[in-house]
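Before any comments, here is the structure.
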Amino acid sequence: MFLAVALVGYLTGQRFPHLGGRISRWGSRYRAAVVRPSGPWRWRSRLLLAAGALAATAPVWPIIQPGDPVADEMLEPAEVAVIVPVVLVFPVAWALLGRSRPSAWRVAVGLAACVAGWSLWTVTFGSYDTPPTIDDGLRWYLVATGAIVASATAVESRQRRPRQLLTMHWAIGALVWMIGVAATFAIPVVGDQQVPPRDAILPLPPTMTVTHEEARCALPETVGYGPRSCSREFTIAATDGANARELTRRLGEHLQRTKGWPATWYDPSTVQFPCRRIGWLNPYELCVQLRHDESTSTVKLRIAHHNGRKSVIY
């Protein structure tokens, strides 16, 4: 751009000296305002980086996201309130770690571009069901920005004396960077789940027995657990000739008292069990369903892994 301004000023000055002088003076003022000499990175610039990174997350804000029925996938406000601070961790870390311009500004622009790229990718391809998911996109973003901040900090540290590094805001920036690294490893991984364990149901009391057992994955959508879920299904009969409703009551009490499943009873033979989490970093839940068949006096019990987070996107 500087060459273009200089060329225009020169050519114009040959034919219109006054106009050429004005263009040359404007180019000089522009260069003095935009291209500043090397020097310390000021706090106004650090705050501008944080504000710019926050503005770059605007596409995922609830007030900007397209809602149903324009789009059938939208982040809930609670999810945005959790994800956006995580996204801003590494830009804030660089706002504290950066030392001198113009290199600090170049890194800042790159980080803001990464935030904008993450925002647009999330609102375009966001899902919690089939990878690549929102978790995957967030993980890739954190790895990229974390590496950028670490590399830029290492390059600047080589140009500084040890005494110049041991400052309060540099230490806080290093702590923020480590928090970002911890957040990267804490993001759940949505993958193919294993078949649920048998010991979540078995062993049964002596008054019940398993007559058939089947385990399978890639459940049909009509089952309600999603295409990446796996289930184990038992057909259970009574050993003392009890009918299906009595068998359902016994089995529900067994799951509630012996296996620790919280239960909601609607009548003595109708019970519902809420899904329960498997682990903190595991996005899947373990769910149980009971269906009795009075014609055969049996109860079908299905235990399945279910990605409960996919319901956050609607």
Over all atoms of both residues, closest heavy-atom pair of [X] and [Y]:
X    : Y    : value
I179 : V89  : C-CG1, 4.5 Å
T298 : A237 : CG2-CB, 4.1 Å
I148 : V107 : CG2-CG1, 3.9 Å
C275 : E285 : CB-OE1, 3.5 Å
S295 : D293 : OG-OD1, 2.6 Å
S100 : S103 : O-OG, 3.2 Å

Single-linkage hydrophobic cluster [X]~[Y], side-chain heavy atoms < 4.5 angstrom:
X    : Y    : answer
I83  : F185 : yes
F125 : L120 : no
L88  : W61  : yes
L175 : V181 : yes
L138 : V82  : no

| said: Parallel, tilted or perpendicular: which one describes the rings of W94 and W41, with boundaries at 30° and 60°? | reply: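 Because their plane-to-plane angle lies in the 30° to 60° range, the rings of W94 and W41 count as tilted.
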| request: Take the angle between the ring planes of Y284 and H305 and call it parallel below 30°, perpendicular above 60°, tilted in between. | output: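 Rings of Y284 and H305: perpendicular, over 60°.
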| query | Run the side-chain contact (heavy atoms from CB on, under 4.5 Å) check on R139 and L142 step by step: do they pass? | reply | CA-CA 5 Å; R139 187 183 303 105; L142 290 177; 5.9 Å; no
Heavy atoms, side chains only, cut-off 4.5 Å: are [X] and [Y] in contact?
X    : Y    : value
W261 : L286 : yes
F234 : R302 : no
H292 : L247 : no
T145 : W140 : no

| said: Could you tell me if Q272 and W265 have a donor-acceptor pair between their side chains, going purely by distance under 3.5 Å? | reply: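 No, Q272 and W265 have no side-chain donor paired with an acceptor closer than 3.5 Å.
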| message | Out of the candidates T207, L204, L255, only one should pair with R250 under the side-chain contact (heavy atoms from CB on, under 4.5 Å) rule; please name it. | response |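 That would be T207; it is the only one of T207, L204, L255 passing the side-chain contact (heavy atoms from CB on, under 4.5 Å) with R250.
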N/O donor-acceptor pair under 3.5 Å between [X] side chain and [Y] backbone:
X    : Y    : value
T57  : L54  : yes
T239 : P206 : yes
T184 : V143 : no
Y141 : V87  : yes
K259 : L202 : yes
T153 : V149 : yes

| message | Run D267 and R249 through salt bridge (charged side-chain N to carboxylate O under 4.0 Å, His left out) and show every step you take. | response | CA-CA 9 Å; D267 58 61; R249 184 190 64 80; over 6 Å; no
| query | For R245, what residues pass the salt bridge (Lys or Arg N to Asp or Glu O under 4.0 Å) criterion, not counting sequence neighbours? | reply |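 Per chain and number, R245 pairs via salt bridge (Lys or Arg N to Asp or Glu O under 4.0 Å) with E294.
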| query | Any Lys/Arg nitrogen of R232 or E213 sitting under 4.0 Å from an Asp/Glu carboxylate oxygen of the other? | reply |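 Judged by the 4.0 Å cut-off on N to carboxylate O distance, R232 and E213 do form a salt bridge.
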| query | Any ion pair linking E233 and R216 (charged N to carboxylate O, less than 4.0 Å)? | reply |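 Salt bridge: no.
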| task | Output, in order, the C-alpha distance, side-chain angles, deciding distance and verdict of side-chain contact (heavy atoms from CB on, under 4.5 Å) for W105 and L48. | result | CA-CA 10 Å; W105 261 119; L48 184 60; 3.4 Å; yes
